[in-house]
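Everything on this sheet refers to the single structure shown next.
Because the structure is predicted, anything quoted here is derived from the model rather than measured. Convention: sequence-line order gives letters A, B, ...; per-chain numbering from 1.
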There are 2 protein chains.
Amino acid sequence: MAANSRVTIAAHALAWMELARRRGRAQLTSEEVAASVNTNPVIVRRSLGDLRRAGLVSTRRGTGAGFALARPASEITLLDVWTAVAAEPLIALHHTEPNLECPVGAGIRPVLAEVYDEATAAFRAKLAGQSIADVLERILQ
Amino acid sequence: MAANSRVTIAAHALAWMELARRRGRAQLTSEEVAASVNTNPVIVRRSLGDLRRAGLVSTRRGTGAGFALARPASEITLLDVWTAVAAEPLIALHHTEPNLECPVGAGIRPVLAEVYDEATAAFRAKLAGQSIADVLERILQ
DNA sequence: CGCCATAGTAACCATTTCTATTACAGCGGG
DNA sequence: CCCGCTGTAATAGAAATGGTTACTATGGCG
């Protein structure tokens, strides 16, 4: 299956929010974020809703509402983002239970699950090494 | 998105083929493999077709046809399998081009691509550390 | 030479997922 | 009370996935 782009959307939104904050605008509407990401404001509200539930951004409603980073950009890693919006297995196990009368069918699932978990942990560790502040720094050279 | 299970199907097929080989049957039909995986023989033929194109298995057609490992199970890693059947990005970039007039939109793609590549490389390295022979050993305890 | 088991593959289907869109209810500051 | 904006439901189209049927191609064997 094609991987989804939610981590990318969310990371883009956060980096843009951090740049806006440095320019004096700590709060952005979903429409302003959507204009940079080039997508629909509802997509942004959904993504940022995931980030809000994970405690990465705060939202205000009513007049003058919008989204703001809930903590310093240097303390939000891409792993935080990935966990908030896409905490799915990178490789799936069998759709249907394998034949348990075959020794391989009976024993393969926990073995593969462990290998996949280790590989996913290595993947996550790399994401944990990059914060939104790091990403923004590299964007701005 | 739900990840696909093709790596699991292919790894299962290969482990089962290696166990059959040790029991004296170096060649299995798609139906025999499908019976262990508990899926349709066509699914197995498609998966093993990917592995054949990658040089991991050999096939024979005609009467008495079937699939066999093309090299020792200890020399087929899960990375070989993953590359053969699922060489897709683990995280997608934007579906639509971001707004290039925004500094973040203009510069974020190569930065995220590099981070994703590094994380994927760590993921791949873990898969490279496990061969089909290793997996089968762990299945059989 | 023809039979036949089996790989290879096309076509189709149901299901799921993803992005996008419209619509509207809820909140809360002015 | 009004209005701008979030939150979210409903819907739709596109794409991927696993599954199924059906057909062609291959090649060993009688």
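- Counted by atom type alone, Gln27(A) and Arg21(A) present zero donor-acceptor pairs between their side chains at under 3.5 Å.
- Considering only side-chain atoms of Arg6(A), the nucleotide from dT19(C), dA23(C), dT20(D) that sits closest is dT19(C).
- Both Ile9(A) and Gly49(B) sit near DNA chain C, but only Gly49(B) has its closest nucleotide nearer the 5' end.
- Following rounding to the nearest Å, Asn40(A) (CG) and dT8(D) (P) show an atom-to-atom distance of 16 Å.
- With hydrogens and angles ignored, no donor-acceptor pair closer than 3.5 Å exists between the side chain of Arg61(B) and the base of dT26(D).
- From His12(B), atom NE2 reaches atom CG of Leu112(A) across 9.0 Å, with rounding to the nearest 0.5 Å.
- In this structure, Arg53(B) reaches the dT9(C) phosphate: one of its side-chain N or O atoms is under 4.0 Å from OP1 or OP2.
- The pair Asp80(B)-Arg71(B) meets the salt-bridge criterion, since a charged nitrogen lies less than 4.0 angstrom from a carboxylate oxygen.
- The NE2-C1' distance, from His95(B) to dT21(C), rounds to 16 Å in whole Å.
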Handout entry: Criterion side-chain contact (heavy atoms from CB on, under 4.5 Å) on Asp50(B) and Arg46(B), from CA distance to verdict
Key = CA-CA 7 Å; Asp50(B) 288 337; Arg46(B) 283 205 285 240; 5.9 Å; no

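- Shown here are the side chain to side chain contact (heavy atoms under 4.5 Å, CB included) partners of Ser47(A), two or more places apart in sequence or in another chain: Ile9(A).
- dC27(C) atom P lies 16 Å from atom CZ of Arg45(A), rounded to whole Å.
- Between Val115(A) and Leu127(B), the closest side-chain pair of non-hydrogen atoms falls below 4.5 Å.
- If you take CG on Leu69(B) and CD1 on Ile76(B), they are separated by 5.0 Å, rounding to the nearest 0.5 Å.
- Checked by distance alone, Thr63(B) brings a side-chain donor or acceptor within 3.5 Å of a matching partner on the base of dG27(D).
- Remark on DNA chain C: of its neighbouring residues Glu31(B) and Gly64(A), the 5'-side contact belongs to Glu31(B), judged by nearest-heavy-atom nucleotide.
- In this entry the distance linking CG of Leu93(B) with P of dT19(C) reads 12 Å, nearest Å.
- Sequence order on DNA chain D of the closest nucleotides to Gly62(A) and Arg46(A) puts Gly62(A) first from the 5' end.
- Look at CG on Asp50(A): it is 15 Å from P on dT6(D), rounded to the nearest Å.
- The distance between atom CD of Glu97(B) and atom P of dA20(C), rounded to the nearest whole Å, is 14 Å.
- Shown for residues 18-30 of chain A: no residue has heavy atoms falling under 4.0 angstrom of DNA chain C.
- The CD atom of Glu88(A) sits 8 Å away from the P atom of dT17(C) (whole-angstrom rounding).
- With hydrogens and angles ignored, no donor-acceptor pair closer than 3.5 Å exists between the side chain of Arg52(A) and the base of dG7(D).
- For Thr59(B), counting side-chain heavy atoms from C-beta on, the closest listed nucleotide (dT21(D), dG8(C), dT22(C)) is dG8(C).
- Out of dA7(C), dA23(C), dT19(C), the shortest distance to the side chain of Ile43(A) is found at dT19(C).
- Applying the 4.0 Å criterion to OP1 and OP2 of dT19(C), one finds that Thr39(A) has every side-chain N and O outside that range.
- Comparing dT8(D), dA22(D), dG18(D) by their nearest atom to the side chain of Asn4(B) picks out dG18(D).
- For the pair Leu48(B) CG and dG18(D) C1', the interatomic distance rounds to 16 Å; values are reported in whole Å.
- Contact check on Glu18(B) versus Arg25(B) returns no salt bridge, with no Lys/Arg side-chain nitrogen under 4.0 Å from an Asp/Glu carboxylate oxygen.
- Between the base of dA5(C) and the side chain of Arg60(B) there is no donor-acceptor pair shorter than 3.5 Å.
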